[in-house]
K.L.:
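Take a look at the following structure, please.
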Amino acid sequence: MDEKYFAKKIEAKWQKIWSDSGAFAAKIVDDKPKFYQLEMLPYPSGNLHMGHVRNYSVGDAIAWYKRLKGFNVLHPIGWDSFGQPAEDAAVKRGVNPRDWTEENIKAMRGQLERLGLSYDWGRQMFAHRPDYYKFDQWFFLKMYDMGLAYKKLTQVNWCETDQATLSNEQASGGLCWRCGNPVTKKDLEQWFLKTTAYADELIDGLDELESGWPQHVIKRQRDWIGRSEGAYVDFAVGGSEQEKIKVFTTRIDTIYGVNSIVLAAEHPIVDQYIGTFSETVRTKIEELRQEKLKPTDREVEIDKDGIDTGLKALNPFSGEEVPVWVGNYVMMEYGTGAVMSVPGHDERDFEFASKFGLPIRRVIVDPDTPVDPDAPVDAAHYEKGVLVQSGDWTGLSSEQAISDMTAHAQARGFGEAAKTYRLRDWGISRQRFWGSPIPIIYCDECGTVPEKFENLPVELPENAPITGTGESPLAKVPEFYEAECPRCGGAARRETDTMDTFVDSSWYFFRYTDHDNEILPFAPEVAEYWTPVDQYIGGDDHAVMHLIYTRFWSKVMRDIGLVKFDEPVKRLLTQGMVVGETFFDDSTGKRVYHPPDRVAVSRDEKGKMTGARASDGTELKYAIERMSKSKGNGVDPDEMVEIYGADASRMFVLFAAPVDHELVWHEAGIEGAVRFLQRLWRFVGKWEPSMAAELAVLTTDAHLSEAAKTLRQKTHQTIKRVDQSLDTLQFNTPVAALMELLNSLYDAKLEPDTATAEEMAAVKESITSTLLMLAPFAPHTAEELYATVIGNENGMIANGARFPVFSEELARADVIEIAVQVNGKLRSRIFASPDAPNGTLESQALADEKVQEHIAGKDVVKVIVVPKRLVNVVVRG
RNA sequence: GCCGAGGUGGCGAAAUUGGCAGACGCACUAGACUUAGGAUCUAGCGUCGAAAGACGUGCGAGUUCGAGUCUCGCCCUCGGCACCA
């Protein structure tokens with residue numbers, strides 16, 4: 001072996017060996033349990049960033065660990081290769097999106113390969129290739145048949161910057177998920193997938209995921225679906241029996257407090273009666289409608305606004321007539337677009353009523369603090385309580401009233417129990433070229449007709465005029481849109497919108513199991529072996545986008561009969577962001593990343609940074625920001641691999657912070673990982689010549705020197721720690737444990753030329769264990785050294801090596817240190833056997849010199865002994 | 001405003017789940033080796049103190065023989081949501 005650790009050389013060597021031998025190609029086998037390890041697939045932008053490196057290093061560590069633990073591991077990778085950046089590139093540089101994408105994939109695959117990730121490259125999927133998107137279309141047609149895909153005219157979320165439609169999930173928070181700019185609304189006809197059909201299942205299924213998914217993701221999904229239980233109540237309007245306004249309320253118990261009905265400006269009743277409204281009212285309504293189209297500014301609280309239409313509605317409970325208003329705070333998209341306004345018990349209604357001087361009545365009181373029901377209402381009291389001024393229901397508790405009044409409304413036919421959801425159907429139409437065409441044809445004779453399954457895929461044309469102005473480029477390509485009606489054979493027009501790229505990622509990981517199937521997206525029996533995904537890893541920015549869509553898709557696949565389970569991902573891990581240190585010039589805002597040659601950092605004697613200057617002497621400020629090219633604080637993974645090696649880069653990323661924490665990239669930190677690998681390399685190099693020969697296998701009761709015995713104990717303690725950590729998805733602590741073990745190997749102070757045969761065997765056992773445990777973090781180095789130590793060139797994978805087995809007996813120390821406290825304060829330490837009886841420990845502690853000093857002249861009240869840990873002497877006086 | 005997560009050395013963090021706070025690493029300090037060091041090795045490194053020792057996990061209380069960990073109250077930071085009836 002080389003004297004020096006030369007990362008590039010061994011990395012290239014092992015990458016070739018793995019690739020040539022098909023080491024990571026997955027096959028269905030009977031004699032091992034399967035493990036499906038998956039990471040969120042990359043968008044082929046052309047450049048890998050450190051976030052990818054983190055994501056994939058974690059995934060690879062698990063894949064390696066599971067392989068060494070005897071699992072049959074499937075660890076695939078593919079490309080989320082449809083999407084807007086390809087079109088942006090086409091607009092900006094006139095390149096063909098397809099060529100641009102293919103080239104990027106090639107470049108990024110190279111980057112991934114240089115990291116030595118253990119993927120089964122043979123199973124790659126490419127979203128932009130017809131053999132894949134054919135099945136997006138296949139699924140679409142299935143959903144169309146099932147009534148789960150439909151078209152309607154609605155206000156869609158529209159991003160002016162990107163000139164693109166967004167789903168609700170992609171416009172969450174009123175900001176575009178891609179560019180972060182505020183979202184506006186636009187009227188557009190578009191195709192929807194009925195995610196709401198599975199709303200209850202999507203929410204209830206979260207219970208099953210509690211044990212394997214991060215809590216915050218579950219919480220966000222639950223909030224996003226936003227189920228709320230209450231009742232619909234009909235208010236007759238315009239003095240007619242037939243015309244009704246249906247409201248949704250969760251507080252039917254407050255219905256005697258209704259002072260008005262408030263409608264969203266877009267409510268159909270408004271249009272129906274618009275002719276009867278005064279000019280002033282019509283103008284105001286138009287104004288309110290326009291306001292809603294504007295982008296939402298989150299910082300500014302919107303003032304309540306509205307107008308009395310002059311219409312009257314009848315409260316079916318009280319028989320009271322109340323005015324019908326239009327209000328800007330009522331959303332057409334939620335509930336029924338109409339609310340019963342109860343200012344006494346709802347904050348928003350209170351604000352509205354206060355502003356317009358509408359009457360406010362109290363109908364709920366707190367039974368414990370009696371108030372005069374007629375006293376003026378100072379604020380909205382939304383707490384539940386006991387009903388007052390509520391006809392026959394007066395005196396009931398809110399809970400009782402809710403159930404009784406709902407039943408009453410139902411019996412009389414003017415209401416019913418209802419559930420509403422915040423979740424809305426998924427709008428998938430995109431006026432884009434670079435996506436999967438929606439397989440629908442419009443025929444003048446037959447109307448909307450689905451394409452025939454046998455005509456799939458509906459292929460994208462070679463070229464289209466891409467302008468980035470918001471219309472679908474496909475609408476300008478006659479060869480594409482001119483079609484034959486699948487029903488009557490007449491001339492017809494093809495749908496020119498393409499699907500949201502989130503469609504591709506909703507089912508891609510099933511395709512890996514059977515990636516070249518031409519008939520079906522995948523064969524159910526093949527998927528049955530590999531799926532569901534055992535461990536999924538990605539950023540939590542997808543908590544409500546991709547991760548809701550893919551759950552929805554699985555439920556549809558189950559109903560089609562492709563899979564048998566409800567939830568596609570058993571365990572989910574969300575890794576934290578990788579952020580960069582930036583130095584910037586406060587006056588110009590110009591940012592500089594921190595390679596030491598460009599920024600001079602001054603520190604005090606403790607190492608704390610006191611200031612920073614650019615090379616020209618300007619004083620710089622320090623900040624931590626999301627890594628990005630525009631901020632100039634990005635780190636190029638290729639450069640890291642070039643300088644430090646893939647193993648050190650990967651190891652550092654795992655070691656530097658817990659996976660779910662944000663990771664601040666410090667160039668210096670990576671050197672620690674390099675030093676560790678070099679130290680290990682030197683140690684193995686020193687011992688390797690004497691270990692090439694077969695050494696005796698150590699038995700459990702081998703008679704060992706003190707040094708060798710201690711080493712063996714440490715080795716086994718480390719095996720336990722590393723095994724447990726990896727099993728519970730911790731990666732920083734096992735790396736630390738391996739560093740400790742290497743420190744112990746050095747501390748043992750054994751030398752090859754003086755060591756006994758037993759000591760040599762103990763060192764060898766320790767080293768082999770270290771290398772096997774290192775493989776998940778630094779596989780190339782581990783393989784290379786392992787091959788050297790065991791004298792077999794093929795390495796771990798080829799030899800079917802297994803994770804070292806922990807032995808409780810060997811991990812146990814003969815003598816352990818036990819803390820001795822007096823009144824809870826640490827006073828001394830004693831040494832004892834780990835299984836010394838409590839009585840022995842007690843008397844040993846009491847006899848201790850320092851303890852004696854502290855208890856002299858006092859009464860020993862009691863002595864608490866915690867086996868293997870401490871003795872606490874409690875004294876008084 | 002509502003919901004969630006979290007405050008531990010100069011920094012990233014550990015802490016066997018109520019039992020020796022600060023493992024491991026970075027940075028820093030001193031020394032050795034060296035033609036050289038941004039290599040390697042040795043030692044030091046929570047605060048105060050010469051030492052003995054005292055204090056120390058955001059702040060204040062409580063439970064306990066014992067609290068970073070449990071309970072209550074407050075402060076701060078970071079995320080998510082935004083009139084969801």
Side-chain angles (χ1 to χ4, degrees), chain A residues 4 172-174 214-216 219-220 222-224 226-228 230 247-251 254 262 296 298-299 301-304 327-331 333-342 345-349 351-352 382 420-423 540 543-544 577 596 601 603-610 652 655-658 660-664 666-673 675-676 678-679 682 717 720-721 724 730 732-743 746 817-829 861-875:
Chain A
K4 284 193 95 169
S172 171
Q215 253 193 333
H216 71 276
K219 170 92 175 69
R220 280 178 63 185
R222 207 167 258 144
D223 289 351
W224 186 259
R227 178 163 66 197
S228 122
V247 303
F248 174 74
T249 178
T250 55
R251 295 296 302 277
T254 65
V262 186
T296 40
R298 309 187 50 173
E299 306 305 315
E301 182 118 353
I302 304 155
D303 274 337
K304 297 274 182 296
N328 65 344
Y329 73 103
V330 181
M331 299 185 299
E333 304 82 28
Y334 184 78
T336 61
V339 302
M340 56 178 224
S341 182
V342 185
H345 305 286
D346 181 281
E347 279 184 66
R348 296 147 300 174
D349 296 343
E351 206 187 308
F352 193 71
Y382 48 81
T420 63
Y421 303 86
R422 201 190 112 115
L423 180 74
D540 64 2
V544 290
M577 250 199 297
V601 176
R603 295 176 188 279
D604 66 14
E605 59 177 30
K606 282 183 177 164
K608 189 179 188 172
M609 190 168 66
T610 51
F652 170 63
F655 175 66
D660 50 341
H661 284 208
E662 191 175 80
L663 168 56
V664 183
H666 279 114
E667 189 83 24
I670 196 170
E671 313 236 8
R675 279 202 277 269
F676 167 77
Q678 286 173 337
R679 236 160 92 79
R682 283 197 301 272
Q717 288 159 4
K720 187 179 185 180
R721 279 175 70 188
Q724 275 183 353
Q730 287 174 279
N732 54 333
T733 44
V735 173
L738 291 175
M739 288 174 169
E740 276 186 56
L741 181 54
L742 180 61
N743 289 344
Y746 274 97
E817 198 183 79
I818 289 178
V820 183
Q821 300 179 333
V822 176
N823 283 352
K825 286 193 188 288
L826 182 71
R827 295 302 180 193
S828 186
R829 292 183 171 87
V861 180
K862 64 174 157 176
V863 178
I864 286 148
V865 180
V866 183
K868 294 184 199 171
R869 300 232 186 285
L870 61 60
V871 178
N872 187 13
V873 183
V874 186
V875 293

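Proteins come first, then strands; the chains are lettered A, B, ... in the order of their sequence lines, and each starts at number 1.
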K.L.:
Send over the distance from A/Arg222 CZ to B/G80 C1', rounded to a whole Å.
P.N.:
16 Å
K.L.:
Nearest 0.5 Å, please: how far is CE in A/Met577 from NE2 in A/His661?
P.N.:
13.5 Å
K.L.:
Does A/Arg679 reach the side chain of A/Asn743, with side-chain heavy atoms less than 4.5 Å apart?
P.N.:
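SC-SC contact between A/Arg679 and A/Asn743 confirmed.
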K.L.:
Roughly how far apart are A/Glu333 CD and A/Arg422 CZ, rounded to 0.5 Å?
P.N.:
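Answer for the CD-CZ pair, A/Glu333 versus A/Arg422, is 11.5 Å.
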K.L.:
How is the base pairing of RNA chain B summarised as a dot-bracket string, given the Watson-Crick and G-U wobble criteria with both distances under 3.5 Å, [ ] for crossing and | for another strand?
P.N.:
(((((((..(((......[....))).(((((.......))))).(((....)))..(((((..]....))))))))))))....
K.L.:
Between B/C59 and B/G10, how far is it from one P atom to the other, in whole Å?
P.N.:
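Looking at atom P only, B/C59 and B/G10 are 14 Å apart.
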K.L.:
Flag the pair A/His216 / A/Asp540 as yes when at least one side-chain heavy-atom distance between them is below 4.5 Å, and no otherwise.
P.N.:
yes
K.L.:
Check the distance between B/C83's P and A/Asp346's CG and give it to me in whole angstrom.
P.N.:
13 Å
K.L.:
Rounded to whole angstrom, note down the C1' distance from B/A23 over to B/U16.
P.N.:
12 Å
K.L.:
What string of B, S and - do you get for nucleotides 16-26 of chain B 5' to 3' if you count protein non-hydrogen atoms under 4.0 Å?
P.N.:
B--BB--BBSS
K.L.:
Have a look at A/Val861 and say if it touches a base, only the backbone sugar-phosphate, or nothing, with a 4.0 Å heavy-atom cut-off.
P.N.:
nothing
K.L.:
In whole Å, what is the span from the NE2 atom of A/His661 to the C1' atom of B/G79?
P.N.:
13 Å
K.L.:
Taking the C1' atom in each of B/G22 and B/C11, what is the distance between them to the nearest angstrom?
P.N.:
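Per the computed distance, 13 Å lies between those C1' atoms.
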K.L.:
Are A/Lys304 and A/Phe352 in a cation-pi setup, meaning NZ or CZ lies under 6.0 angstrom from the ring centre and within 45 degrees of the ring axis?
P.N.:
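The answer is no, since A/Lys304 fails at least one limit relative to A/Phe352.
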K.L.:
Is the A/Tyr334 ring parallel, tilted or perpendicular to the A/Phe248 ring (thresholds 30°, 60°)?
P.N.:
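A/Tyr334 vs A/Phe248 ring planes: perpendicular.
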K.L.:
Between A/Arg721 (side chain only) and A/Ala736 (backbone N and O only), is there a donor and an acceptor less than 3.5 Å apart?
P.N.:
no
K.L.:
For the C1' atoms, the ones on B/C74 and on B/G80, what distance do you get once it is rounded to whole angstrom?
P.N.:
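My reading of the C1' atoms in B/C74 and B/G80 gives 24 Å.
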K.L.:
In the 5'-to-3' direction, what one-character label does each nucleotide of nucleotides 2-7 of chain B receive under the scheme B = base within less than 4.0 Å of a protein heavy atom, S = sugar-phosphate only, - = no such atom?
P.N.:
-SSS--
K.L.:
By side chain to side chain donor-acceptor pair (under 3.5 Å), which residues pair with A/Thr336, not counting sequence neighbours?
P.N.:
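Residues passing side chain to side chain donor-acceptor pair (under 3.5 Å) with A/Thr336: none at all.
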K.L.:
Starting at CD of A/Glu333 and ending at P of B/A82, how long is that distance when rounded to a whole Å?
P.N.:
12 Å
K.L.:
Just by distance, do the side chain of A/Asn328 and the backbone of A/Asp303 share a donor-acceptor pair under 3.5 Å?
P.N.:
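Flag set: sc A/Asn328 to bb A/Asp303 pair under 3.5 Å.
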K.L.:
Rounding to a whole Å, what distance do you find between A/Lys304:NZ and B/A85:P?
P.N.:
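Those two atoms, NZ and P, are 14 Å apart.
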K.L.:
Closer to the 5' end of RNA chain B via nearest nucleotide, is it A/Ala657 or A/Gln678?
P.N.:
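The residue closer to the strand's 5' end, by nearest nucleotide, is A/Ala657.
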K.L.:
Taking for each residue the nucleotide of RNA chain B with the nearest heavy atom, is it A/Asp349 or A/Lys862 whose nucleotide lies nearer the 5' end?
P.N.:
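Whichever sits nearer the 5' end wins; that is A/Lys862.
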K.L.:
Under 3.5 Å between N/O atoms: give me all the protein pairs with nucleotides 53-57 of chain B, atom names plus distance.
P.N.:
{"unit_1": "B/A54", "atom_1": "OP1", "unit_2": "A/Arg827", "atom_2": "NH1", "d": "3.3"}

K.L.:
Quick one, which residues of residues 335-342 of chain A touch RNA chain B with a heavy atom under 4.0 Å?
P.N.:
A/Val339
K.L.:
Which whole number of Å gives the distance between the P atom of B/U42 and that of B/C55?
P.N.:
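It comes out at 35 Å once rounded to the nearest Å.
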K.L.:
Does any part of the side chain of A/Arg827, heavy atoms only, come nearer than 4.5 Å to the side chain of A/Val820, both counted from C-beta?
P.N.:
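Heavy-atom side-chain distance check fails, nothing below 4.5 Å.
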K.L.:
Determine the interatomic distance between C1' on B/U17 and the same-named atom on B/G25; round to the nearest Å.
P.N.:
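Taking atom C1' in both B/U17 and B/G25, they lie 24 Å apart.
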K.L.:
Separation of A/Phe676 atom CZ from B/U40 atom P, in whole Å?
P.N.:
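Between P of B/U40 and CZ of A/Phe676: 14 Å.
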K.L.:
Taking the same atom, C1', in B/G9 and in B/C45, what whole-Å distance lies between them?
P.N.:
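B/G9 and B/C45 have their C1' atoms separated by 10 Å.
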K.L.:
Between B/U57 and B/A14, how far apart are the two C1' atoms, rounded to whole Å?
P.N.:
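B/U57 and B/A14 have their C1' atoms separated by 13 Å.
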